[in-house]
Each structure stands twice: as structure tokens, then as C-alpha cells.
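Structure first, commentary second.
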Amino acid sequence: MEELPKTYNPKDTEEKIYKLWEDAKAFEPKIGSRSTVDGQRPFVIAIPPPNVTGSLHMGHALNNTIQDILIRRSRMKGVPTLWIPGTDHAGIATQNVVEKKLAKEGKNRHEMGREAFEKEVWAWVDEYGHIIIDQLKKLGCSCDWSRQRFTMDEGYSEAVKTAFKHYYDKGWIYQGERVINWCVRCQTALSDIEVEHLDQKGKLYFFKYDKNFPISIATTRPETKLGDTAVAVNPEDKRYAEFVGKTFKVNFVGVEREIKIIADPNIDMKFGTGAVGVTPAHSLIDYEMAEKNGLPIIKVIDTLGKMTAEAGKEYEGLKAVEASQKVLDRLEQKGLIEKTEEIDNALSVCYRCNRPVEPQPSKQWFLKMSELAKPAIEAVEKGEIKFSPPRWKKVYLDWMENLKDWCISRQIWWGHQLPVWEVEIKDQRSKIKNTIYVGDNPPEGYKQVDDVLDTWFSSALWPFAALGWPQNERHPESSDEGSLSLSENRHSSEILRSTQNDEINDLDYFYPTTTLSTARDIIYLWVARMIFSGYEFTGKKPFDNVYIHPTVFNKDGQRMSKSLGTGVDPIELIDKYGADATRFGLAYINTGTQDIKFDENAILASQKFCNKLWNIARFVMIQMGHPEQSEGSGSLSANPASAGDSSLTLRMTPKTSPSLKLRAASDADKKILDSLDHLIISVNSNLDSFRFGQAAHDLYDFVWHDFADIYIEESKKQADDNTKAILLSTLTQSLKLLHPFMPFVTEEIWQTLYEQKLVAEKLLINASWPEHKSK
RNA sequence: GAGCCCGUAGCUCAGUUGGUAGAGCGUUGCGUUUACAUCGCAAAUGUCGGGGGUUCAAAUCCCUCCGGGCUCACCA
């Protein structure tokens with residue numbers, strides 16, 4: 001063992017230490033028997049699988065630091081602990097990335113065809129999909145990499161098909177024609193929550209369709225008015241009461257239309273003119289009104305965002321914006337525009353590409369939500385699943401209680417193709433489409449539908465599918481048929497731990513998981529859907545706790561965004577300050593609020609803190625090993641003289657044992673041991689309630705001030721064996737408590753302590769976690 | 001329109017059950033004594049957004065207003 005250098009250098013240790021853990025298989029829980037420590041269930045976290053296309057951002061860094069803290073502490077407690085990692089295929093996001101790459105090469109997916117395109121994406125995933133995983137390792141994440149999953153590996157795809165068939169057989173999946181959110185850029189349907197609303201200034205135009213029409217209307221999108229088939233007014237509105245039920249023929253900017261006046265209680269009499277032009281084809285609400293009132297539907301904008309033939313010859317082929325201007329010009333010419341107002345408007349955009357969403361009538365697949373929502377609401381209401389901070393419970397419930405059916409089909413190529421095969425059977429009168437769900441063998445002549453499932457459909461299954469559902473599911477009646485031919489499946493065969501017979505498998509042993517830690521913006525997209533999926537497919541909750549971590553903004557309070565250049569790259573922080581400093585700093589600033597304005601100083605302070613700890617260790621080791629060591633005498637290592645002293649080794653039992661407390665000879669001794677006791681209590685209770693920042697503050701204050709500034713200084717005046725024992729014990733306890741936060745330095749120091757026989761356990765990662773016994 | 005979060009030292013933020021304001025960075029002065037200059041000691045700086053209320057006592061609980069941010073919602 002070399003002498004410890006004066007300053008801690010992360011670059012010398014991080015890679016080496018990570019390898020040490022991996023070689024020791026320290027991240028892989030043993031599932032040999034059913035018994036667990038103190039009857040406790042295993043502690044399990046299923047990582048929010050990052051997109052394969054992703055690279056680590058601050059949110060990831062924070063979230064995965066949090067998870068690793070929980071995981072490492074649990075492991076040290078002696079509880080069987082699993083952190084299961086993986087990546088998400090991220091349908092639209094990944095397809096967009098690959099399409100962009102192809103565009104640079106002058107190719108596009110339509111020319112190359114679906115099969116070739118999918119190959120391209122797989123190649124892309126093989127080449128770049130590991131990047132984010134490597135970055136997680138750099139951060140120090142102690143995931144069990146032997147269990148790593150991908151939401152499109154074979155076993156997982158099986159899970160998706162099984163889930164789909166299950167819903168379909170229950171009659172909850174149906175195909176329907178209705179107005180959905182359509183992204184003109186991504187060329188696919190989106191679900192309601194995949195649409196974001198940007199506040200914008202807009203213009204509200206007041207006009208009449210033509211001069212013979214009795215009612216003025218107001219709109220922000222004149223071109224859509226070409227598709228109007230009605231005007232809706234509030235039934236209470238006396239101004240228009242006389243017209244309700246009548247139909248007027250109009251010539252609207254050169255296009256002949258019939259407009260019926262209808263009454264609808266949702267119309268706000270105070271807004272605009274109190275009369276709304278109803279555009280059934282391009283507005284979700286208007287579509288509903290049209291259905292109620294039997295209105296015709298005229299589609300005037302196509303899936304590319306251009307005007308259709310139905311919009312009229314003059315407008316056909318124009319982009320929506322162009323058509324809008326043309327309509328306005330025509331109205332102007334005819335003197336039909338009454339006024340224009342500036343208003344605040346919400347522009348609907350795609351959450352993946354930020355381009356405007358164009359509502360379109362379209363035939364899509366939907367999942368009925370009413371039944372699924374019930375147990376998911378109840379579980380959270382009754383506290384079976386707990387949100388932390390608790391206010392997110394309300395956010396979750398508000399959404400769940402107003403759930404609409406989920407549009408699950410997407411018109412892209414990258415994803416789980418719907419396990420639906422169709423064939424057209426010719427009837428005498430007409431053609432009838434027969435839809436057949438197929439597990440394995442679609443009948444002759446059937447063709448699989450093109451659509452792919454929403455990425456979140458597969459993410460929703462994550463906690464149990466990642467653990468081997470449905471293959472690992474127990475079927476008591478027919479257990480050993482082995483009909484699943486998984487032999488060719490590389491991934492699945494690795495994953496299916498002990499599927500056979502009475503041996504315990506991962507799903508049995510590790511599910512339900514314990515804690516989910518994630519960002520608030522995917523409570524609906526992901527968390528809610530995992531909850532109802534969990535109950536539906538396993539009959540159990542997917543996790544006990546949901547921890548919603550703060551959002552990390554930059555110093556100016558702006559959202560961190562790569563494209564806007566407002567982000568901070570955590571990998572750069574790791575390179576600059578070390579992984580431990582990055583982690584500790586993130587934990588340190590994760591206090592009460594739900595927003596973090598990121599300040600790099602926190603990482604800098606943590607780097608200094610790592611160094612402080614390092615030098616405390618140096619000091620203690622010098623005390624232990626070289627009582628009379630002279631300046632510059634070289635190695636700290638080969639001096640087992642006092643280290644080998646058995647009485648001293650005994651004192652090294654890491655718990656703040658009462659025996660050690662009794663030795664508190666001086667006030668300083670007493671004080672440091674008391675403080676350590678309090679620290680153990682506070683760190684444990686803070687971590688139990690997800691108060692990471694508070695735990696980090698307490699650790700920082702104790703180690704730096706109570707230990708280094710005060711006790712170490714005092715210890716210099718009372719250099720007896722008892723003091724040494726307290727120094728060493730305080731150090732080892734601090735290392736243990738800090739290990740989940742700063743795994744690398746603490747392990748590195750521990751290794752030196754071990755080599756000097758100052759501690760008994762070989763790896764800190766396996767050492768026992770300090771608990772306050774008297775409680 | 002509904003809901004949520006925040007407003008404490010120049011900056012970024014702590015301040016679990018109410019009890020005479022704290023840290024890091026920055027600023028000023030001193031300091032190389034058995035680890036650490038990525039250090040130590042000391043110092044300065046706050047009407048705890050404004051106002052009202054409860055209380056012996058409020059940054060901490062209640063009300064209200066102002067300011068900043070977020071989310072949901074069928075205001076065309």
C-alpha cells in the first residue's frame with residue numbers, strides 16, 4: 001500500500017473501485033432461499049429506464065444518485081437488495097433520431113422500407129444504446145447489470161403481447177374513428193398527455209361566414225372554418241335563441257357550406273361572440289358536439305398539415321398558415337371581418353418534436369380506462385402506495401379520476417407492432433374486415449397491422465416485465481409444461497432465473513418492488529400506468545413508495561435543455577470534480593423544495609468535502625499506525641504493530657458500542673460520541689423519509705465540524721489509545737454513513753484501512769450499516 | 001378558470017413538531033500548531049416579500065395582498 005497522497009484524486013480511484021465491486025459481484029443479490037433478513041422483504045428498485053438514445057442529464061444524475069443512496073444503504077443493512085437496470089426503446093424519440101441521421105446521409109425511411117429501417121434502428125441501438133448505461137456506471141450506480149433489460153428484448157416483447165391480448169380478450173381494447181392529436185412532423189397519433197401547451201399571443205378574428213349569416217363568430221384559426229358544419233351557442237343565450245335548430249346555406253370565402261345552429265351548454269357566452277364555429281374534423285370538442293348533433297364532418301386539413309380537396313379548389317394543397325391568410329384576405333375583401341383581438345392562446349405541440357399538433361379524424365386503437373382506473377385510485381387513496389412528497393398524491397388522483405381512454409396506436413415503425421392480424425373477407429354486399437388477435441400463428445392470409453404501440457404501453461409493464469413477467473409467472477395448475485420456446489432467446493434465458501420447479505424466480509422473489517423514484521413530469525405518462533398495469537397483471541401494487549424528486553433548473557431558473565444550451569452536463573461535472581462530489585452535491589441541494597436552481601458551487605464544496613474526508617483518514621491512519629512517525633518517513637503501510645493489536649481490532653467493531661462510549665474520558669470524547677449517535681439517528685430517519693438533502697447536511701456538518709475541526713484538534717492534546725480508538729471508530733462510522741452518497745472515496749479509504757488491518761470487512765460496500773440500537 | 005410550489009445575508013439555499021436567524025460561495029483580517037491552503041481561526045452583512053391575526057413567544061400556524069414559477073382545463 002502506497003502512502004495516501006495529500007489530496008484525493010477521483011481519477012485514480014473511480015474506475016478501479018468500480019471494477020472491484022463488479023468483480024466481487026457486489027451488486028448482485030443472492031436469492032438462494034426464501035428467508036430474508038429479519039423477515040424483511042427484499043428491497044428493490046426498478047430504474048426508470050432511460051431512453052436508449054439518451055445521454056445523462058442532470059435529472060438522471062440526481063435521480064440515479066438518489067436511487068443508489070437507497071440501494072447501497074439497504075444493501076449495507078443486510079437486506080437482499082436489487083436495483084434492476086435497463087433502457088427504453090423510446091419509440092418516437094428514437095425513430096426521430098435515426099431519421100435525422102438518415103437524412104444527413106440523404107436517405108429516408110419511406111424509400112428504404114420498414115424492414116430496412118428497423119434494421120437501421122437496431123444498428124443504431126447496438127452502437128449507441130450503451131452510452132447512457134456507461135454513464136450510469138461512471139456515476140457509480142450499483143445496478144445489477146447481469147439483469148439489465150431493454151423494453152424491446154424478446155422476453156419483454158412477449159410481455160407486451162401478452163398484455164395486449166389480455167386487454168383485448170377482456171374487451172378493453174377497441175378500434176375507433178375519432179379526432180385524435182396528430183403530429184404533422186412525426187406523422188403519428190399522440191395520446192392526450194403527449195401534447196403540450198405553449199402559451200402564446202394569438203389573434204382572435206371576429207367575422208361572419210357571409211353577409212346573410214345572422215351570427216358572428218370568433219376564431220384563432222380561420223382556415224379550419226372551411227370545415228365548419230355548425231355554429232354552437234349556449235342554450236341560455238337569448239341573443240341567438242331564435243336561430244337554434246335552423247340551418248343556413250352560406251358561401252364562405254368561395255366555398256358552399258350548410259351551417260346548422262346548435263345549442264350546447266359548454267359554450268361560454270362571454271367569450272368572443274358567444275357563438276362558436278363548430279369544426280368537427282379538427283377539434284376534439286367539436287367532434288363530440290358533431291356526434292351528439294349528427295353533424296357532417298368535413299376534413300379540410302390532411303395528415304401533412306395541408307389543405308384537402310374538400311377545403312375547396314382554391315385552398316387545396318396550401319399549408320394551413322397560407323390558407324389562413326387567404327381566408328382572411330377573402331373575408332377582408334368582402335368586408336366581413338368585424339374586429340381582431342389579441343389574446344393569450346395555448347398552442348398545442350408534440351412533446352417529442354415541439355411542432356404544432358393538428359387534430360385529425362383517424363382510426364386508432366384505444367384502451368378503455370374505466371375499469372383499470374378503479375384499483376389504481378383505491379390503492380393510492382388508501383395509502384397502499386404512498387407518494388412522497390405527499391402532495392403528489394392529489395395530482396395523481398385528480399388525473400386518474402378524469403381519465404379518458406388511452407390512444408395506444410402510433411403510426412411509426414420503431415416499437416412493438418400491434419399483435420393484430422387482419423384479413424379482408426369479401427361479403428356479398430361489401431368488404432368486412434376481420435380482426436384477429438394472434439399469440440403465435442395467424443391463420444393463412446392474414447396480415448399484421450402496421451401500427452406500433454405507444455412506448456408508454458410497454459413502459460407501463462416495467463416493474464414486473466423487467467423481472468421476467470409473464471414467463472416467470474406461476475401457474476399452479478400447469479407449471480411444468482415448458483411450452484415456452486425461449487431457447488433461442490439470449491436475453492430471456494439470462495433473465496429467467498430459476499424458472500423451473502420450486503426454485504424461486506425473480507418475479508416471485510423481488511416483486512413488488514419497493515420504491516420508485518422519478519420525475520414529476522411523468523406521473524401521468526408512466527407512474528399512473530404502472531400502477532394500474534401492476535394491479536391488472538399481477539394483482540399486486542408495483543411498488544410501495546413513489547418518490548418524486550425535484551426538477552433541476554439552471555442557475556437562472558430556466559429548464560435545462562440541450563438544444564437551448566441551458567443545460568449542465570453531469571459527465572463534465574464528474575470529470576471536473578469526481579463522481580462522489582457530483583453525487584454528494586446533488587444530494588446536498590435536494591432539500592425541501594420541488595425546484596433546484598443548480599449551483600455548481602455545491603459540487604465544488606462537495607469536492608472539498610471529499611478531500612476533507614480523505615485527510616481525516618490520513619490523520620487517523622497516521623495516529624493508528626505511526627505513533628512516532630517522523631516527517632516524511634514514507635509509507636503508511638507496513639506497520640501492523642499497533643494495527644495488529646487485538647484489543648484495538650476489537651474496538652473496531654463498527655457500531656458505536658456502549659463499551660466504546662464508556663471510554664469517553666474527556667468532554668471532547670463524550671461530545672463526539674454523542675454527536676455521532678445523533679447523526680446515526682438523523683441520517684436514518686432522514687433517509688427513511690426521502691430527505692436526502694438534510695441527511696447530507698448533517699453528514700457534512702458532523703464530519704467537517706464536529707469531527708475534524710473540533711475532535712481531531714482536541715485529540716492532538718490527548719493522544720492515548722482510547723482516543724485513537726474513538727478516532728478510528730468515528731472514521732469508520734462516518735465512512736459507512738457516507739458510503740451511499742460518496743461510494744468511491746469511502747471505499748478507497750476503506751481499502752487502505754483494510755490493508756492495514758484496521759477494519760475487518762474487506763469491502764465497505766458490504767459493511768454493516770450503522771443503526772441506533774437503543775431505539 | 002382550478003390546483004400546486006416558491007419569495008430568509010451580495011449569490012445559491014438550510015432552518016422535522018413555534019422559543020432570541022444558519023451553511024456554502026463571495027468579502028475583510030489574522031494564521032504554516034502532529035491530516036488537509038481543495039486548510040484553520042476570527043469578523044462584517046438579514047425590516048426572514050408586505051400587512052393583519054393566534055400566542056408569553058412566529059421565518060415557523062391562520063388570513064390577505066404583492067412578486068416569481070409550475071401543472072391541469074373543451075375558452076372557440
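The sequence lines fix the lettering, A, B, ..., with proteins before strands; numbering per chain opens at 1. Excluded from the calculations below are hydrogen atoms, water molecules and symmetry mates; all remaining heavy atoms, backbone and side chain alike, are included. Just so it is clear, the structure is predicted and the values come from calculations on it, not from any experiment.
- Residue order along RNA chain B, read from the 5' end via each residue's closest nucleotide, puts A:Thr7 first among A:Leu204 and A:Thr7.
- Across all strands, A:Arg221 comes closer than 4.0 Å to no nucleic acid atom at all (heavy-atom distances).
- Per the geometry, CG belonging to A:Asn9 stands 17 Å off P belonging to B:C36, to the nearest Å.
- Residues satisfying the ring-ring contact (aromatic ring centres under 6.0 Å, His included) criterion with A:Phe213, sequence neighbours excluded, are A:Tyr209, A:Phe248.
- The C1' atoms of B:G19 and B:A57 are separated by 6 Å, rounded to the nearest whole Å.
- Between B:G24 and B:C39, the two P atoms lie 11 Å apart (nearest whole Å).
- Taking the ring-ring contact (aromatic ring centres under 6.0 Å, His included) definition, one finds that A:Tyr577 meets it with nothing, sequence neighbours left out.
- Straight-line distance between the C1' atoms of B:U8 and B:G49: roughly 10 Å, to the nearest whole Å.
- Applying the salt bridge (charged side-chain N to carboxylate O under 4.0 Å, His left out) criterion to A:Asp286, with sequence neighbours excluded, gives no partner residue.
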Please list, for nucleotides 71-75 of chain B, all pairs of protein and nucleotide N/O atoms separated by less than 3.5 Å.
| residue | atom | partner | partner atom | Å |
| --- | --- | --- | --- | --- |
| B:C75 | O2 | A:Asp268 | OD2 | 3.0 |

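- The salt bridge (charged side-chain N to carboxylate O under 4.0 Å, His left out) test applied to A:Asp398 returns A:Lys394, not counting sequence neighbours.
- Checked against B:G24, B:A76, B:U12, the side chain of A:Val276 finds its nearest nucleotide in B:A76.
- The salt bridge (charged side-chain N to carboxylate O under 4.0 Å, His left out) pairs that include a residue from residues 338-348 of chain A are A:Lys201-A:Asp344, A:Lys339-A:Glu341, where partners are two or more places apart or lie in different chains.
- OP1 or OP2 of B:G15 has at least one side-chain nitrogen or oxygen of A:Gln694 nearer than 4.0 Å.
- Nearest-nucleotide positions on RNA chain B place A:Asn615 closer to the 5' end than the other of A:Asn615 and A:Phe609.
- Ion pairing of A:Lys671 with A:Glu714 is absent here, as no side-chain N (NZ or NE/NH1/NH2) approaches a carboxylate O to less than 4.0 Å.
- The ring-ring contact (aromatic ring centres under 6.0 Å, His included) check on A:Phe609 picks up A:Phe584, A:Tyr700, with sequence neighbours excluded.
- Remark: the separation of the P atoms in B:A73 and B:G67 is 27 Å, to the nearest Å.
- Nucleotides B:C41 and B:C25 have their P atoms positioned 12 Å apart, rounded to a whole Å.
- For A:Trp392, there are no ring-ring contact (aromatic ring centres under 6.0 Å, His included) partners at least two apart in sequence or on another chain.
- Listed by first and then second residue, the salt bridge (charged side-chain N to carboxylate O under 4.0 Å, His left out) pairs involving residues 268-280 of chain A amount to none (not counting sequence neighbours).
- In this structure, the separation between CH2 on A:Trp704 and CG on A:Leu699 is 14.0 Å, given to the nearest 0.5 Å.
- Nucleotides B:C74 and B:A2 have their C1' atoms positioned 15 Å apart, rounded to a whole Å.
- For RNA chain B, if you chain together Watson-Crick or G-U pairs that step i with j, i+1 with j-1 and so on, the runs of at least three with distances under 3.5 Å are B:1-7 with B:66-72, B:10-13 with B:22-25, B:27-31 with B:39-43, B:49-53 with B:61-65.
- Distances were taken from every side-chain heavy atom of A:Arg391 (C-beta onward) to each of B:C5, B:A76, B:A35; the shortest belongs to B:C5.
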Please list each protein N or O that sits under 3.5 Å from an N or O in nucleotides 39-41 of chain B, with the distance.
| residue | atom | partner | partner atom | Å |
| --- | --- | --- | --- | --- |
| B:C39 | O3' | A:Lys612 | NZ | 3.3 |
| B:G40 | OP1 | A:Trp704 | NE1 | 2.3 |

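- Side-chain nitrogen and oxygen atoms of A:Thr591 include at least one within less than 4.0 Å of the OP1 or OP2 phosphate oxygen of B:A14.
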Solution key, residues 287-295 of chain A side-chain donor-acceptor pairs under 3.5 Å, sequence neighbours excluded:
| residue | atom | partner | partner atom | Å |
| --- | --- | --- | --- | --- |
| A:Tyr287 | OH | A:Glu177 | O | 2.9 |
| A:Asn293 | ND2 | A:Met289 | O | 2.8 |

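- Of the candidate nucleotides B:C25, B:A76, B:A35, B:A35 has the atom nearest to the side chain of A:Ile712.
- Ring geometry for A:Phe207 versus A:Phe252: interplanar angle under 30°, hence parallel rather than tilted (30 to 60°).
- Nucleotides B:C62 and B:U47 are separated by 25 Å at their P atoms, to the nearest Å.
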